[in-house]
J.: 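Okay, handing you the structure first.
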Amino acid sequence: MASCVHLLGFSVAFSLCFGSGLLFPLRRTDAGRGKSHLKDAVSCAVCEILVSYIQSELASNATLDSVKPVAIELCVYALTKEGINALYVCPGIIDLYAPAVQYVATQVVLDPAELCVDFKLCTSNQIARAKKARPLTPRELPAVPLPHATHSEGTRGPNEDGGSTLTILQFTDIHIDPDYSKGSPTQCGLYVCCRSWYNGTGSAGYYGDYNCDLPMTTLELLADTIKALDPQPDVIVYTGDNPPHDIWNETYNSRIWKTLSL
């Protein structure tokens, strides 16, 4: 006999039925594992349904606005499990990244089950069991032309011709946060904390905190340290990644501003 669970999210509603060989069927021995196992199975099934729905809608040329509520629901499911304040960040994340997700979803064949493992809403064991119950139909991946690359192995060692040594200083992933505030919460339920208007616990230090991005004071200290190097490096290479991790607020203009700040 199939049992159904009716789920109403803040934007969409779905009904899931188990016991008919569909989705992620629960074995009899699973019943003894308690509510936690059932909750995990439901979350996994919800994830697959939401991903499949989004893929199906985008494949039929649905508008982004029509699938955004479902995408937000999927985001909330995934991030809440990670301890993130998902209701706060998910609408912004979906608004900013929906066009890129739409392009990928329409260009690449992605298995909903495997995506849900990446979202940490399904385990590999759940996916393996589900595929045994309802094997996936093999699909051919689209042909993607690869650029022709040549590689030649060097035969000379360093300075074999008597040349001088070149000193290179390389740094990367600064993640500047101009809104960093000393004494602000370091635990706030978001990807980046240490801002004066966030609620939470802990106290941010003057030069930074592990749960936060880089304050301007630390960037200035880095610049002063580089200036004081003796001898000075011949070349300084910075390989990017400037913005803070507030991805729900990130825009093209904010990225440019963070780069100019550096």
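Computed from a predicted structure; not experimentally measured. Note that the numbering runs from 1 along the sequence shown for the chain.
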J.: Could you work out the complete set of other residues in the hydrophobic cluster of Tyr210, with links drawn between I, L, V, M, F, W and Y side chains under 4.5 Å apart?
T.: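 Once heavy-atom contacts under 4.5 Å are chained together, Tyr210 still belongs with nothing else.
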J.: So do Leu214 and Tyr207 actually touch side chain to side chain, heavy atoms under 4.5 Å?
T.: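 Not touching, per the 4.5 Å side-chain cut-off.
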J.: Output every pair passing salt bridge (charged side-chain N to carboxylate O under 4.0 Å, His left out) with a member in residues 171-200, not counting sequence neighbours, ordered by first then second residue.
T.: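 Counting only pairs at least two positions apart or across chains, the salt bridge (charged side-chain N to carboxylate O under 4.0 Å, His left out) contacts touching residues 171-200 are Asp177-Arg195, Arg195-Asp246.
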J.: Of all heavy-atom pairs between Ala204 and Ser181, which one has the smallest distance, and what is that distance?
T.: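 The answer is CB-O, 3.6 Å.
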J.: Could you pull out all residues at least two apart from Gln170 that satisfy side-chain hydrogen bond (donor to acceptor under 3.5 Å, both in side chains)?
T.: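 With sequence neighbours excluded, Gln170 shows a side-chain hydrogen bond (donor to acceptor under 3.5 Å, both in side chains) to Thr239, given in chain and number order.
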J.: Counting C-beta onward and ignoring hydrogens, is there a side-chain heavy-atom pair between Asp213 and Ile176 closer than 4.5 Å?
T.: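 Side-chain contact under 4.5 Å: no.
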J.: Can you tell me if the gamma sulfurs of Cys193 and Cys212 sit closer than 2.5 Å?
T.: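 Not so, these two cysteines form no disulfide.
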J.: Checking side chain to side chain contact (heavy atoms under 4.5 Å, CB included) for the pair Ile226/Leu169: CA distance, chi angles, key distance, verdict?
T.: CA-CA 9 Å; Ile226 293 174; Leu169 186 150; 4.1 Å; yes
J.: Can you tell me if Tyr238 has over 12 outside heavy atoms packed within less than 6.0 Å of its OH?
T.: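 Atom OH in Tyr238 is packed in, count exceeds 12.
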J.: Set out, in order, the CA-CA distance, both residues' side-chain angles and the distance that settles side chain to side chain contact (heavy atoms under 4.5 Å, CB included) for Glu250 and Tyr97, then state yes or no.
T.: CA-CA 10 Å; Glu250 192 175 72; Tyr97 293 98; 3.0 Å; yes
J.: Hey, does Leu121 have a side-chain heavy atom less than 4.5 Å from the side chain of Cys44?
T.: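 In short, these two side chains do not touch, never coming nearer than 4.5 Å.
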J.: Rounded at 0.5 Å granularity, tell me how far CD in Glu114 sits from CD in Glu48.
T.: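 Interatomic distance, Glu114 CD to Glu48 CD, rounded to 0.5 Å: 10.0 Å.
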J.: So, taking the atom named CD1 in Ile72 and the one named OH in Tyr77, what distance separates them when rounded to the nearest 0.5 Å?
T.: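 The OH atom of Tyr77 is 15.0 Å from CD1 of Ile72, to the nearest 0.5 Å.
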J.: Check step by step if side chain to side chain contact (heavy atoms under 4.5 Å, CB included) holds for Cys194 and Thr186.
T.: CA-CA 5 Å; Cys194 299; Thr186 58; 3.9 Å; yes
J.: Look up atom CH2 in Trp248 and atom CG in Asp95, then write down how far apart they are to the nearest 0.5 Å.
T.: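 With rounding to 0.5 Å, CH2 (Trp248) is 14.5 Å from CG (Asp95).
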J.: If we only count heavy atoms from C-beta on, is the Ile174 to Asp241 side-chain gap below 4.5 Å?
T.: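 No - every pair of side-chain heavy atoms lies 4.5 Å or more apart.
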J.: Under 4.5 Å between side-chain heavy atoms, counting indirect links through other Ile/Leu/Val/Met/Phe/Trp/Tyr residues: same cluster for Tyr180 and Val192 or not?
T.: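 No.
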J.: Might you confirm whether atom CZ of Phe171 has over 12 heavy atoms from other residues, nucleotides or ligands at distances under 6.0 Å?
T.: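 Yes, CZ of Phe171 has more than 12 neighbouring heavy atoms, counting only those of other groups under 6.0 Å.
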J.: Determine the sole option in Val51, Asp111, Ile49, Val46 for which the side chain to side chain contact (heavy atoms under 4.5 Å, CB included) test with Cys116 is passed.
T.: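 Of the listed residues Val51, Asp111, Ile49, Val46, the side chain to side chain contact (heavy atoms under 4.5 Å, CB included) partner of Cys116 is Val51.
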J.: Taking Ser56 for the side chain and Ser52 for the main chain, is one N or O donor matched with an acceptor at less than 3.5 Å?
T.: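 No, because the side chain of Ser56 does not come within donor-acceptor range (under 3.5 Å) of the backbone of Ser52.
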J.: Which atoms form the tightest heavy-atom contact between Leu115 and Gln55, and what is the distance?
T.: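 Closest heavy-atom pair between Leu115 and Gln55: CD1-NE2, 4.1 Å.
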J.: Would you call Lys81 and Val76 a side-chain contact if the rule is heavy atoms closer than 4.5 Å?
T.: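 They are not in side-chain contact.
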J.: Taking a hydrophobic cluster as the set of Ile, Leu, Val, Met, Phe, Trp and Tyr residues connected by side-chain heavy atoms closer than 4.5 Å, whether directly or through intermediates, do Val89 and Leu96 fall within one such cluster?
T.: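 Per the 4.5 Å side-chain linkage, Val89 and Leu96 are co-clustered.
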J.: If you look at every heavy atom in Pro233 and Ile236, which pair is closest and at what distance?
T.: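 It is CG-CG1, 4.0 Å.
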J.: Would you say that Pro185 contacts Thr201 through its side chain, given a criterion of any heavy-atom pair below 4.5 Å between the two side chains?
T.: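 They are not in side-chain contact.
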J.: Verify the distance criterion only: is there a donor paired with an acceptor across the side chains of Asn242 and His175 at less than 3.5 Å?
T.: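 Judged by distance alone, the side chains do not pair up.
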J.: Using a strict SG to SG cutoff of under 2.5 Å, would you count Cys47 and Cys122 as disulfide-linked?
T.: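 No, the SG atoms are not under 2.5 Å apart.
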J.: Quick check: do Tyr198 and Asn85 have side-chain heavy atoms less than 4.5 Å from each other?
T.: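 Counting from C-beta outward, Tyr198 and Asn85 never come under 4.5 Å.
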J.: For Cys75 and Ile94: C-alpha separation, side-chain torsions, deciding distance, then whether side chain to side chain contact (heavy atoms under 4.5 Å, CB included) applies.
T.: CA-CA 8 Å; Cys75 176; Ile94 298 304; 4.3 Å; yes
J.: Would you kindly confirm whether Phe119 and Leu79 end up in one hydrophobic cluster when ILVMFWY residues are joined by side chain heavy atoms under 4.5 Å apart?
T.: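 Each belongs to a different hydrophobic cluster.
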J.: Spell out, yes or no, whether Ile84 and Ile247 are grouped together once hydrophobic residues are joined by side-chain heavy atoms under 4.5 Å, including indirect joins.
T.: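 Hydrophobic grouping puts Ile84 with Ile247.
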J.: Mind checking the CD-NZ spacing from Gln102 to Lys68? Nearest 0.5 Å is all I need.
T.: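 It comes to 10.0 Å.
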J.: How long is the gap from CG on Asn249 to CD1 on Ile93, to the nearest 0.5 Å?
T.: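 Interatomic distance, Asn249 CG to Ile93 CD1, rounded to 0.5 Å: 9.5 Å.
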J.: Are any non-hydrogen side-chain atoms of Tyr191 and Glu82 less than 4.5 angstrom apart?
T.: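 No. Closest side-chain heavy atoms not under 4.5 Å.
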J.: With a cut-off of 6.0 Å (strictly less than), are more than 12 heavy atoms of other residues, nucleotides or ligands near CG of Asn199?
T.: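 Incorrect, the count does not exceed 12.
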J.: Between CG of Asp234 and CD1 of Ile168, what distance do you get to the nearest 0.5 Å?
T.: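 Nearest 0.5 Å value for the CG-CD1 distance: 8.0 Å.
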J.: Taking Lys227's backbone N and O only, do any of them form a donor-acceptor pair with Gln232's side chain (distance below 3.5 Å, no angle check)?
T.: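 Answer holds: yes.
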J.: What pair of heavy atoms forms the shortest contact from Thr80 to Ala86, and how long is it?
T.: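 Taking Thr80 first and Ala86 second, the nearest heavy atoms are OG1-CB, 3.4 Å.
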